[in-house]
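Just so it is clear: chains get the letters A, B, ... in the order the sequence lines come, proteins before strands, and each one is counted from 1. Computed from a predicted structure; not experimentally measured.
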Amino acid sequence: MASRGTAQRPNGTQGKICQFKLVLLGESAVGKSSLVLRFVKGQFHEYQESTIGAAFLTQTVCLEETTVKFEIWDTAGQERYHSLAPMYYRGAQAAIVVYDITNQDTFTRATTWVKELQRQASPSIVIALAGNKADLGNKRVVEYEEAQAYAEENGLLFMETSAKTAMNVNDIFLAIAKKLPKNEQTGNAGTSGQGRRLVESEGQKPTSGNCCK
Amino acid sequence: MNEEELLKRSAAERDRIFSCYDRGREGAEIDPWEDPAYEVYHTTDRYGFIHDKRLPQKMDQNEIKTQFVEMERLKKWHKMTKNWETVATTEKLRRRIYKGIPDRFRGQVWVLLLGIHKLKSENIGKYEEMLRLARQWSTEIRQIDADVARQYRDHINYRERYSLKQRSMFYVLAAYSMYNMEVGYCQGMSVLAGLLLLYMDEEEAFWGLSVLLTDKKYSMHGFYVDGFPKLNRYMEHHDKIMQRFLPKLKKRLDKCGCDSILYALKWFFVVFQERTPVSLGLRIWDIFLLDGDRVLPAIAYTIMKLHKRQLLTMDSLDEFCNYLQIKLEKDFGYDDDHVISAVERSMEELKRAKLEYPGPPLPHELPKQPIGTFKEPTFTSKVGRRADEFSEAQQVMRESLIQRRQTALIEDEGSEEHEDSATPTELSAASNRRMLGANNCVGVNSHGGSKFLFEAGDGGSSLSPQGSRRSLADTSVTSTADLSVFSSATRSQPLDNSLDTQSNASVASSSGSAGLQTPRAGSHQPSPDVVRIYVPYGGGPGYKDGLPRTLPRSLDTNKIRIKVQDPDQTPVVENLKPFALDSPEYELDIK
Ligand SMILES: Nc1nc2c(ncn2[C@@H]2O[C@H](COP(=O)(O)OP(=O)(O)O)[C@@H](O)[C@H]2O)c(=O)[nH]1
Ligand SMILES: [Mg+2]
């Protein structure tokens, strides 16, 4: 297993703790659940059960100054479940749009997800594109360069990943964590479990009405 | 690629997948990992499920009891299945099924309960015909293949790729995708087919699946068809039960953003499979097949009730999800008999409260065409292209989710004012005057939900993001989920939103680049002004045939004006449009 950048800060009270809501989107069977499982538990199941509805998991990563807690929404890929997706990406600070490098249609589908996020999600959402199943290089149909060019054009983070070999799995989450803005005030984490950019300490009174100016 | 090439490619893919299943394990290309190596004999339980660890040498209490009792019962069951149609059987059946069908008889009894013999003999050749059609026309093959490859891989019958039962599962689902073309295939159905196939043969499972979907006793069609209309109805009902009998727990779940869709969708779609231990899951299926979908609310309620104490110690979505999604399947904490008796008691309890059944299916939950009607798939579905817009049914689903979430939050915040939950025909306008003025944030929360709706129509949107963000009128329109206009101007917790309609989009964009850096104003302030208005929406233009919960499609149908007396705090309300209610306009004066 590759090294995991997910060590818990030895004493959890130090440093900033930021909480981010992250959603995984993409065609069915591209490996969304597998990526999450790899990132959260360090495991890979060949027979990962298909996601019906959605699943929720959390994982914490440590950056130099801050601890980032990801609240991860793993969604069902089938078109019929699409109508539920906005409820998961709404309010998300980050999204990983996944495709399977051995299937061109999944890449096309990924680009429509990106479009939808650009139109419908928070304008500041950090989007990463993951070309998964990179271990199946011999069956590749989506070229790295093609995806990279697309990602660049659209300002996305991009990596090819493999949930199976763990390649780039932690890295893509870390890259997202780094890109997320963390310069808000910090407080205690993990009390409410709700997706938001930052956990404010309880009872903290906002001082000015500068939210929507 | 031109159209012809696209069609060719899709057809080729379908043929390729079919040929894999046709060949089975002989000569099939199977990646080595597709056959997980198991220490099979030591790790397979009595139902055929394989476990990671060796099973304990000794059986646990629950197992010893089950086996002993089953031995006792075999004779009775033998007699009963021989005399199925007799009155004596009918009377005993119910009691005995609630005690659990001995696994050895399960297949036989399930087939009887589902009335499969009759269907099969009335439809000779139908299954083969559907399978033939599927080879030529089915547009669902790729998805079915992907799910068959993942379904019950921990069961000895499905362990090997392209094993006999895995092939059957594929064929059953492929054939069914032609038999019921309105549903086709929807994720979740592989669970139904997979489970039935553990207890019956391929053609029986096909007819079993068909009964589960379209017989009115089970009506799962309404769960799986576009827009999931039955899910809505069942979740609303579940929420009502929670509100009535477990209000504290419901409040806690709501507060943590644990909308019931997060756990109940899976529960209902696959009738508690993969969320309860195998033996309990089978017992649940026994009573489900006997009594039909009316047991679902009682089971959901029972699970919450039995685990109330543990659940009440939790205060994050994380914990709730982990408990309901993973922990309960591993270890339910109660033996199966105890749970089933508790379900029976719950059914009584719900009956007394007149909450035992969410009512009959709505028209759009049922098939529109006679089952078995073949219609050539459209080009788009043939090549697997996605629709650009949500269908009407999907929009209804989406909007009602948003509304449910908002209701939950409003309940939470205004629980002093309101004891009961807002019914779909009520309009609640919760507004926080201080926030309206201080932030100009009006409508931010709901607007997130609205955006898609109106932009989806491409060009149909008359809203500029700037205008709409500040428009209460929009807010109320856009959160109109079904029968109600549900306006929530502000939440007392703008940051709170894992599931709700609050959009960071609006928040962030309105504060410019500083969006994320800005601490939210008024984030934990209570909301002093809560206004609830009845809006009789019936018969309005929002109605479409057979879809009673249709949304108004454009802003032109609705209008609300809210005035805040303090001039400094008057929100700018734009985009007022005619209001299609009896009264042409509502004015709320919030003081
Ligand atoms: N070779 C390979 N297979 C993968 C990888 N990730 C997922 N899979 C397999 O692809 C299938 C679908 O994965 P899953 O995570 O369920 O996809 P999801 O539907 O997007 O959640 C499963 O059989 C996985 O074992 C990967 O990186 N490499
Ligand atoms: Mg999945």
Side-chain angles (χ1 to χ4, degrees), chain A residues 21 28-29 46-58 71 76-84 86-88 90-93 105 109 112 119-125 164 181 183-185 190-198 200 202-213, chain B residues 33-34 36 143 146-147 150 153-154 186-188 226-227 256-257 261-262 265-266 269-270 274 315-318 321 325 384 386 390 394 397-398 401 438-441 444 448 451-452 455 494-499 501-505 507-511 515-523:
Chain A
K21 178 177 171 185
S28 186
E46 275 87 1
Y47 47 93
Q48 176 65 39
E49 82 182 32
S50 72
T51 313
I52 295 165
F56 178 80
L57 293 103
T58 59
E71 303 191 319
Q78 197 188 11
E79 176 66 3
R80 200 155 316 169
Y81 288 85
H82 183 177
S83 59
L84 305 184
M87 129 172 194
Y88 300 110
R90 179 169 309 114
Q93 287 88 37
D105 288 347
R109 179 58 184 146
T112 66
R119 282 203 330 190
Q120 313 299 345
S122 161
S124 56
I125 192 170
K164 191 177 181 184
N183 40 352
E184 268 170 288
Q185 280 184 271
T191 46
S192 76
Q194 306 212 353
R196 68 189 60 159
R197 70 202 55 82
L198 207 142
E200 283 183 303
E202 220 66 78
Q204 177 191 6
K205 278 278 176 298
T207 47
S208 63
N210 51 357
C211 133
C212 293
K213 278 198 184 124
Chain B
W33 63 265
E34 295 213 68
Q143 185 70 56
D147 288 349
R150 293 184 279 183
R153 287 303 288 274
D154 55 344
C186 179
Q187 289 197 289
D226 192 36
C256 296
I261 196 171
L262 299 180
L265 184 148
K266 174 107 183 190
F269 273 42
V270 299
E274 300 178 325
D315 50 17
S316 73
L317 186 56
D318 204 1
C321 285
Q325 290 176 359
R386 309 266 176 165
F390 285 141
Q394 287 178 348
M397 178 64 193
R398 237 176 55 68
L401 280 178
N439 305 335
N440 261 346
C441 238
V444 160
K451 235 174 21 169
F452 199 98
E455 286 184 12
L495 286 178
D496 154 17
N497 85 347
S498 62
L499 296 170
T501 57
Q502 180 181 341
S503 162
N504 293 325
V507 175
S509 62
S510 53
S511 51
L516 283 174
Q517 281 84 352
T518 318
R520 235 25 39 97
S523 55

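Here A:T58 contributes atom OG1 and B:L317 contributes atom CG; the two are 9.0 Å apart, rounded to the nearest 0.5 Å. To the nearest 0.5 Å, atom CE of residue A:M87 and atom CD1 of residue B:I261 are 5.0 Å apart. A distance of 9.5 Å separates OG1 in A:T51 from CG in B:D147, rounded to the nearest 0.5 Å. Rounding to the nearest 0.5 Å places CZ of B:R150 at 9.5 Å from CD of A:E49.
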Requested in this report: For B:E274 and A:S50, run side-chain contact (heavy atoms from CB on, under 4.5 Å): C-alpha distance rounded to whole Å, both residues' side-chain angles, the deciding distance at 0.1 Å, then the answer.
Outcome: CA-CA 11 Å; B:E274 300 178 325; A:S50 72; over 6 Å; no
Query raised in the report: Given B:D318 and A:F56, is the side-chain contact (heavy atoms from CB on, under 4.5 Å) satisfied, shown in steps?
Result: CA-CA 7 Å; B:D318 204 1; A:F56 178 80; 4.2 Å; yes
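If you measure heavy-atom distances from B:Q187 to chain A, the contacts under 4.5 Å come from both the backbone and the side chain.
Of all the heavy atoms in B:Q325 and A:A55, the pair that sits closest is NE2-CA, 3.8 Å. Residues A:R80 and B:C186 share a closest heavy-atom pair of NH1-CB, 3.6 Å. Of all non-hydrogen atoms in B:Q394 and A:E79, the two that sit nearest each other are NE2-O, 4.1 Å.
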